[in-house]
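First up is the structure itself, then whatever we jot down about it.
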There are 2 protein chains.
Amino acid sequence: MADDTLKPVAQRHERVRRQHNDELAEDYVEAIHGLLEENEQARVTDLQGIFGVSHVSVIRALDRLEARGLLERSRKEGIRLSAEGQQMAQESARRHELVVKFLRVLGVSNTRAEADAEGIEHHLSEETLRAMRRLIRQRERG
Amino acid sequence: MADDTLKPVAQRHERVRRQHNDELAEDYVEAIHGLLEENEQARVTDLQGIFGVSHVSVIRALDRLEARGLLERSRKEGIRLSAEGQQMAQESARRHELVVKFLRVLGVSNTRAEADAEGIEHHLSEETLRAMRRLIRQRERG
DNA sequence: TCAAGAATGTAGCACAGGCTACATTTCAGC
DNA sequence: GCTGAAATGTAGCCTGTGCTACATTCTTGA
Ligand SMILES: [Mn+2]
Ligand SMILES: [Mn+2]
Ligand SMILES: [Mn+2]
Ligand SMILES: [Mn+2]
């Protein structure tokens with residue numbers, strides 16, 4: 001459908017649904033990228049521990065991400081991110097860091113900042129991200 | 001499971017999944033509350049227009065919300081919120097307004113503020129909400 | 001009044017993302 | 001090299017949230 005004769009309020013809700021579709025992909029490639037950097041490998045078990053779901057759920061998520069071209073798996077090579085996957089991972093990680101930093105500057109504790117960032121990071125427009133960077137800069141200088 | 005022997009990172013992701021479970025409920029009761037205030041009635045068609053989904057999806061969502069005790073429906077009375085539903089609606093509406101206000105104060109345009117708020121409003125701790133109110137107060141005064 | 005159209009509801013489908021139970025493969029330590 | 005445990009994979013289930021097609025009920029204007 002993707003009808004743009006939708007009312008503005010409906011377009012906003014549709015956008016949130018799209019963001020939720022991308023959310024799992026963003027968090028997974030970010031986690032995989034992190035694991036590959038520090039461990040040389042990213043295993044199903046590691047991801048199970050990170051996301052707190054069963055190994056079956058991890059495997060099925062990886063299947064979908066592989067179908068989307070974000071990663072590849074093989075018995076001997078393990079999980080590797082595609083170019084697109086790496087791109088998404090880096091952007092997601094940078095954005096995650098930015099959101100946490102922003103919340104910290106606002107005065108939120110580290111624990112809460114990390115927790116809230118995990119959800120809100122997927123719902124921010126470029127404009128809002130710019131505004132966050134601006135506030136960080138202001139608070140860090142003057 | 002709801003195991004609290006989960007790693008902290010897994011607890012964060014679990015919390016986000018819980019927030020997504022409540023998200024539809026919060027947005028629906030908020031929308032219904034608004035419709036009842038200005039129209040005296042909230043119809044399936046109205047909600048279809050607000051959320052941009054089919055009337056079938058609205059009806060099935062209402063079924064679930066009714067099962068959760070947030071509202072009641074009858075042929076002649078239409079949709080009415082339960083006490084719990086009204087409570088949730090008011091809190092959701094207040095929080096939504098707060099988030100929009102915060103983003104506006106940050107310098108985000110009204111359109112983008114409304115759009116981003118629709119997603120992030122469901123992922124904020126009390127601590128972050130307090131920090132947002134604090135910034136609004138600071139900016140509004142001196 | 002009654003027929004058309006609007007609104008609501010039902011049947012049945014798809015897919016994402018959870019789960020348990022069971023099967024297979026891989027890997028370490030003896 | 002063998003064996004038991006860890007890791008991975010499969011089968012089959014559930015719920016939520018989306019859809020189209022069809023059925024019913026309500027409302028309204030000629
Ligand atoms: Mn996240
Ligand atoms: Mn993240
Ligand atoms: Mn919302
Ligand atoms: Mn979300």
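Convention: sequence-line order gives letters A, B, ...; per-chain numbering from 1. This one's a predicted model, so the numbers in the text were calculated from it and none came from an experiment.
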Charged N to carboxylate O under 4.0 angstrom, A/Asp46 versus A/Arg43?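 Yes, charged N to carboxylate O under 4.0 Å.
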For the pair A/Arg18 and A/Glu14, find out whether any cationic side-chain nitrogen is under 4.0 Å from an anionic carboxylate oxygen.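 Looking at A/Arg18 and A/Glu14, the cut-off is met.
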What's the [atom1]-[atom2] distance between [X] and [N], to the nearest Å?
X: B/Ile59; N: D/dT25; atom1: CD1; atom2: P; answer: 14 Å
X: A/Glu77; N: C/dT26; atom1: CD; atom2: C1'; answer: 16 Å
X: A/Arg17; N: C/dA16; atom1: CZ; atom2: C1'; answer: 15 Å
X: A/Gln41; N: C/dC27; atom1: CD; atom2: C1'; answer: 12 Å
X: A/Leu62; N: D/dG9; atom1: CG; atom2: P; answer: 8 Å
X: A/Phe51; N: C/dG18; atom1: CZ; atom2: P; answer: 10 Å
X: B/His20; N: C/dG17; atom1: NE2; atom2: P; answer: 11 Å
X: B/His13; N: C/dG18; atom1: NE2; atom2: C1'; answer: 16 Å

Test salt bridge (charged side-chain N to carboxylate O under 4.0 Å, His left out) on B/Asp22 and B/Arg17; report intermediate values, then the result. CA-CA 9 Å; B/Asp22 294 335; B/Arg17 290 195 295 273; over 6 Å; no
Checking only heavy atoms, does the side chain of B/Arg64 share a donor-acceptor pair with the base of D/dG16 at less than 3.5 Å?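 It does not, because no donor-acceptor pair links the side chain of B/Arg64 to the base of D/dG16 below 3.5 Å.
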Quick one: is [N] close enough that its OP1 or OP2 comes under 4.0 Å of any side-chain N or O from [X]?
X: B/Ser54; N: D/dC19; result: yes
X: A/Arg60; N: C/dG17; result: no
X: B/Arg73; N: C/dG9; result: yes

With DNA chain C as reference, determine whether A/Ser57 or B/His55 sits nearer its 5' end, using the nearest nucleotide of each.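 Of the two residues, B/His55 wins.
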Under the salt bridge (charged side-chain N to carboxylate O under 4.0 Å, His left out) criterion, do A/Arg68 and A/Asp63 qualify, and how do the steps go? CA-CA 9 Å; A/Arg68 276 171 70 165; A/Asp63 287 343; over 6 Å; no
What contact category does B/Thr45 fall into here, base, sugar-phosphate, or nothing, at under 4.0 angstrom with non-hydrogen atoms?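 The residue B/Thr45 makes sugar-phosphate contact but no base contact.
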Heavy atoms under 4.0 Å, any strand shown: does B/Arg75 hit a base, just sugar-phosphate, or nothing?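 Here B/Arg75 touches the backbone only, sparing every base.
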Is A/Phe51 reachable from A/Leu24 through a run of I, L, V, M, F, W or Y residues, each pair having side-chain heavy atoms under 4.5 Å apart?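 In one cluster with A/Leu24: A/Phe51, yes.
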